[in-house]
Amino acid sequence: MRVAFIGDIVGSHGRDMLKAHLKNLRKEYEIDFVVANYENASHGFGLTVKNANEIVSYGVDCMSGGNHTWDKKDVEALFNTHEILRPHNYPDEVKGTGCKVYEVAEEKLGVLNLMGHYSMPYVDNAFRKAKESVEMLHAKGVKNIFIDFHAEATSEKRALMMLLQGSVSAIIGTHTHVSTDDFQIVQGTAYMSDIGLTGCRDNIIGMDNATPIKQFLTGIKGHFDIPKKCKKILQIAIMDFKDGKCEGAFKLKVFDDGAVLRTDAWVER
Ligand code: FE2
């Protein structure tokens, strides 16, 4: 099966890039299933019903979340109506789930969403939850497993990779909005510390520069806003899974002028 992943979709500019390019990408690269992170999709914070419907109509099959999952109250209803996850290591009494299994190209695909700890809300241990969830999926006969690890610290992301390499198909980081260049496949597990945002590329993590610069100069917090105009990017990882292993992967950066930059994942032998 060929699975694609898009990280944090940031505001209307991110949604516009999906609208402009995702259907063509699905066709050109024969992608069977698309996962994308929704947590910044509605004006940078959370997800509305309207925007969820838009994202689905552009060709996303499953949406993963993070620390901004709860920023729009619509999410509560969306758990009942849409293929939407929240980090699986929120306590069990919290609504929603972070683990779903899909039938893709006549094989099973498990999608697992986890959240790290550094500068994040207090939740259950991501590493213990990851191990337990992967064991549960394996016991159910689900070999192909994709993990969106929504975390700030690259050390946590590397630790999860070291813990699970060889037992899941891919672990890709989200949340920092800045792409890392460490796409690799080790023991059949694809890994990238962060795929980077889909949205504005010429400012501060997809947000208008004014508030963050003022915040860093003065120490006084303000409300981050989506820029009215910007240069845009769509970042997508495309991966081939078979019998639980990733057999090949590459990443595309799609720019708003139509230029495409491809990077193949390094295969560690
Ligand atoms: Fe986040």
Side-chain angles (χ1 to χ4, degrees), residues 5-15 17-18 35-48 51-52 55 60 62-76 78-79 84-91 94-99 111-127 129-130 146-161 171-180 191-201 203-208 211-212 215-216 221-227 233-237:
F5 180 57
I6 296 166
D8 309 64
I9 303 160
V10 183
S12 57
H13 302 294
R15 301 196 311 273
M17 286 299 279
L18 294 190
V35 182
N37 192 301
Y38 65 81
E39 74 142 19
N40 305 119
S42 294
H43 212 79
F45 301 93
L47 182 66
T48 63
N51 294 157
I55 289 168
V60 172
C62 170
M63 291 180 275
S64 53
N67 54 309
H68 290 296
T69 282
W70 317 100
D71 288 3
K72 297 275 189 291
K73 64 176 180 356
D74 284 16
V75 79
E76 299 269 343
L78 286 169
F79 287 132
I84 174 170
L85 305 175
R86 46 87 167 155
H88 203 44
N89 51 323
Y90 273 99
V94 172
K95 198 170 179 183
T97 179
C99 184
V111 182
L112 180 58
N113 186 191
L114 293 159
M115 186 164 70
H117 296 282
Y118 177 72
S119 97
M120 287 297 201
Y122 290 102
V123 288
D124 293 346
N125 186 297
F127 302 90
K129 192 71 177 183
F146 171 79
I147 299 179
D148 170 358
F149 190 27
H150 196 78
E152 178 76 32
T154 46
S155 55
E156 291 183 356
K157 292 171 178 178
R158 287 297 300 167
L160 192 70
M161 171 58 171
I171 302 168
I172 296 188
T174 54
H175 176 69
T176 72
H177 295 193
V178 177
S179 163
T180 57
Y191 171 83
M192 185 167 16
S193 295
D194 206 298
I195 187 168
L197 61 75
T198 285
C200 294
R201 68 175 196 266
N203 41 56
I204 302 169
I205 62 168
M207 297 295 188
D208 187 69
T211 304
Q215 184 173 313
F216 290 128
K221 284 196 168 187
H223 182 74
F224 285 27
D225 228 336
I226 300 290
I233 191 168
L234 182 154
Q235 309 196 64
I236 184 168

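We count residues from 1, following the sequence as given. Both counts, for ligands and for their atoms, begin at 1 and track the order of listing.
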Any residue meeting salt bridge (Lys or Arg N to Asp or Glu O under 4.0 Å) with Lys72, in chain and number order, not counting sequence neighbours: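 Residues passing salt bridge (Lys or Arg N to Asp or Glu O under 4.0 Å) with Lys72: none at all.
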Who are the side-chain hydrogen bond (donor to acceptor under 3.5 Å, both in side chains) partners of Ser12, not counting sequence neighbours?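 Per chain and number, Ser12 pairs via side-chain hydrogen bond (donor to acceptor under 3.5 Å, both in side chains) with no residue.
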Should Trp70 and Val94 count as side-chain neighbours, where that means a heavy-atom distance under 4.5 Å?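 When only atoms from C-beta onward are counted, Val94 and Trp70 do touch, with a gap below 4.5 Å.
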At a cut-off of 2.8 Å, list the protein N/O/S atoms near the Fe ion (ligand 1), residue plus atom name.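 Under 2.8 Å from the Fe ion (ligand 1) - ignoring waters, which are not counted - the protein N, O or S atoms are Glu39 OE2, Asn67 OD1, His150 NE2, His175 ND1.
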Is there a donor-acceptor contact under 3.5 Å from the side chain of Tyr38 to the main chain of Leu85?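 Yes; judged by distance alone, with no hydrogens or angles, the pair exists.
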Look only at the side chain of Lys157 and the backbone of Ala151, and say whether a donor-acceptor pair between them is shorter than 3.5 Å.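 Indeed, once roles are kept as given, a pair shorter than 3.5 Å links the two residues.
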According to ring pair (Phe, Tyr, Trp, His ring centres under 6.0 Å), who are the partners of Tyr191, at least two apart in sequence or on a separate chain?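 For Tyr191, no residue satisfies ring pair (Phe, Tyr, Trp, His ring centres under 6.0 Å) once neighbours in sequence are set aside.
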